[in-house]
Amino acid sequence: MDNQKTITLTILPGDGIGSEVMDAALLVLDAISKKKGFNFDLKHELAGGVSIDKHNSPLTDSVLQTCYDSDAVLLGALGGPKWDDLPHDQKPEMGFLKLRKGLDLFANLRPAIPFDALLNASSLKKEVIKDTNIMIVRELAGGIYFGEPRSYGEEEAYNTLRYNRHEIERISKMAFELAKARSGKVTSVDKANVLESSQFWRDQVRKIHSQYSDIVLNDMLADNAAMQLVRDPRQFDVILTQNLFGDILSDITAMITGSLGMLPSASIGSKHAMYEPVHGTAPEIAGKNIANPIAMIASLSMMLEFTFKDTKTSQELDRSISQVLNEGMRTQDIAQAGDNVLKTQEMAQAIIDVFLSF
Ligand code: IPM
Ligand code: MN
């Protein structure tokens, strides 16, 4: 990354614990800029429920434009019980869909790598999850989330699951390219035994695969993939899948790492990118400064890697997180008896202290 250039980031804390984990991330961002001399220009904006309260919309066009004009977007979490009864198309979660579509963020990357220090925190056996390293590549701008026609009526409701060749090609290329730098294996998850859209997906993925002779491609049905993920997660490297299956499978892989509070994500398009934790707004613990900021901080690390191609700083940040965990520091969601339990901001500060010491 060119240290002199000003980097514009749109900051969307959102709702619930979103603002707490974002505050923690902003401390880390500050440390990154001090250590590396980066010059961040932060645009703080509203999204989700807080935007509904003020503007009657989960994401205004003007905020979308600000995101569009930024080098990257950082998002906390959107939603909460206060807005649950709103009509479907006015809910805070619609903010996500508008961002994903509006910025054409077609690839959602969700890595699942358990930290050694947390192997006991998972509900799965340590021997099963140890050394797992999965990258879920979820198609994010198409599929049943966006398919038309869609309708909610008195007697029936429906959605449309549709994919075109271009959409499948670009996400497949992303998966194969990522696999090149990993262990070279892609599992494409579909439901080709039942759905035409999945058979089409499978055929297109195979065509793209012919350009990647070094990569091993396996197809797997979605129900089997869900089972295999908890049976033997180490068999997977890159998982390539459509929007809805990726949503479901990424929550399953989350449990391999022990806590949703640990999982970062990147949503990437050809021109834009957004980084956010996989977890939600956790209204039951919001406002208590006890949320785990690690997923948000690890999302910064993904930003350094994918938007700014600064692998070195990204790795330094990841190593800082591991070291803090190795030293027994925990937020309450991942704590066990005898652990040193930290508040949200304290965890961020502990990570920063290690990061600045490298
Ligand atoms: C996610 C979330 C979103 C999704 C919702 C909140 C729209 O579950 O990012 O995984 O389904 O994509
Ligand atoms: Mn989800």
Side-chain angles (χ1 to χ4, degrees), residues 12-18 21-22 46-52 57-59 64 67 73-112 134-147 150 152 159-161 163 167 171 189 222 225-226 229 239-257 259-269 272-284 286 291-292 295-296 298-299 302-303:
L12 305 175
D15 307 309
I17 61 168
V21 298
M22 186 63 84
L46 297 180
V50 287
S51 173
I52 294 176
S57 155
L59 190 89
L64 181 61
C67 295
V73 178
L74 290 176
L75 184 139
L78 308 184
K82 183 175 172 195
W83 305 280
D84 272 352
D85 296 332
L86 286 172
H88 182 76
D89 56 347
Q90 294 167 28
K91 285 190 197 294
E93 286 82 352
M94 287 300 123
F96 282 116
L97 302 192
K98 188 164 173 183
L99 280 162
R100 291 170 184 175
K101 201 65 173 178
L103 303 176
D104 198 22
L105 306 174
F106 66 85
N108 185 212
L109 312 184
R110 295 187 163 178
I134 298 175
M135 176 67 90
I136 296 204
V137 179
R138 167 189 177 193
E139 200 292 325
L140 199 64
I144 199 161
Y145 276 52
F146 296 99
R150 59 197 295 153
Y152 180 93
N159 292 90
T160 303
L161 172 46
Y163 270 111
E167 289 170 322
I171 192 72
V189 174
L229 271 171
I239 293 181
L240 162 65
T241 192
Q242 60 157 290
N243 207 338
L244 181 61
F245 297 155
D247 180 44
I248 298 166
L249 296 182
S250 61
D251 267 32
I252 300 181
T253 39
M255 284 330 288
I256 296 171
T257 62
S259 168
L260 262 180
M262 307 299 295
L263 281 191
S265 81
S267 301
I268 296 179
H272 303 279
M274 179 165 86
Y275 299 88
E276 61 179 299
V278 171
H279 64 70
T281 53
E284 62 293 349
N292 186 345
M296 187 75 236
S299 301
M302 291 190 85
M303 174 182 81

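For ligands, and for the atoms within them, numbers begin at 1 and follow the listed sequence. Since this is a predicted model, take the numbers as computed values, not measurements. In this chain, residues are counted from 1 in sequence order. Keep in mind that the numbers below use all heavy atoms, side chains included, and drop hydrogens, waters and symmetry copies.
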Checklist line | Atom pair CZ/OG of F245 and S250 - distance to nearest 0.5 Å | finding: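 Here the rounded value is 13.0 Å.
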Notebook entry, point to check: Do H88 and R150 pass the side-chain contact (heavy atoms from CB on, under 4.5 Å) test, and can you show the C-alpha distance, the side-chain angles, and the key distance before you say yes or no?
Noted result: CA-CA 12 Å; H88 182 76; R150 59 197 295 153; 4.2 Å; yes
Item checked: Option whose closest heavy atom lies nearest to atom 1 (C) of ligand 1, chosen from M94, R110, E93 ->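 Of the listed residues, R110 has the closest heavy atom.
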Next item on the list: Take L249 and L229 through the test side-chain contact (heavy atoms from CB on, under 4.5 Å) and record every step on the way to the result.
Entry: CA-CA 8 Å; L249 296 182; L229 271 171; 4.0 Å; yes
Margin query: Heavy atoms only, cut-off 4.0 Å: how does R138 contact ligand 1, side chain, backbone, both, or neither?
Written below: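 For R138, the contact with ligand 1 is made by the side chain alone.
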Starting from [atom], find the nearest protein heavy-atom neighbour and note its residue, name and distance.
atom: atom 11 (O) of ligand 1; result: Y145 OH, 2.5 Å
atom: atom 5 (C) of ligand 1; result: F96 CD1, 4.4 Å
atom: atom 3 (C) of ligand 1; result: R100 NH2, 4.0 Å
atom: atom 8 (O) of ligand 1; result: D247 OD1, 3.3 Å

Item checked: Other residues, nucleotides, ligands: >12 heavy atoms within 6.0 Å of D85 CG ->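 For D85, atom CG is not crowded (no more than 12 foreign heavy atoms under 6.0 Å).
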Check: Cation-pi between R138 and Y145: NZ/CZ under 6.0 Å from ring centre and within 45° of the ring axis?
Finding: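 Checked: cation-pi criterion met.
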Check: So, is D247 placed with an N/O/S atom under 2.8 Å from the Mn ion (ligand 2), counting both backbone and side chain?
Finding: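 Yes - counting backbone and side chain alike, D247 has an N, O or S atom under 2.8 Å.
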Next item on the list: Return yes when K91 approaches ligand 1 closer than 4.0 angstrom through a heavy atom, no otherwise.
Entry: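 No; K91 lies far enough from ligand 1 that no heavy-atom distance drops under 4.0 Å.
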Next item on the list: Kindly determine whether T281 and D15 satisfy side chain to side chain donor-acceptor pair (under 3.5 Å), including the steps that lead there.
Entry: CA-CA 6 Å; T281 53; D15 307 309; over 6 Å; no
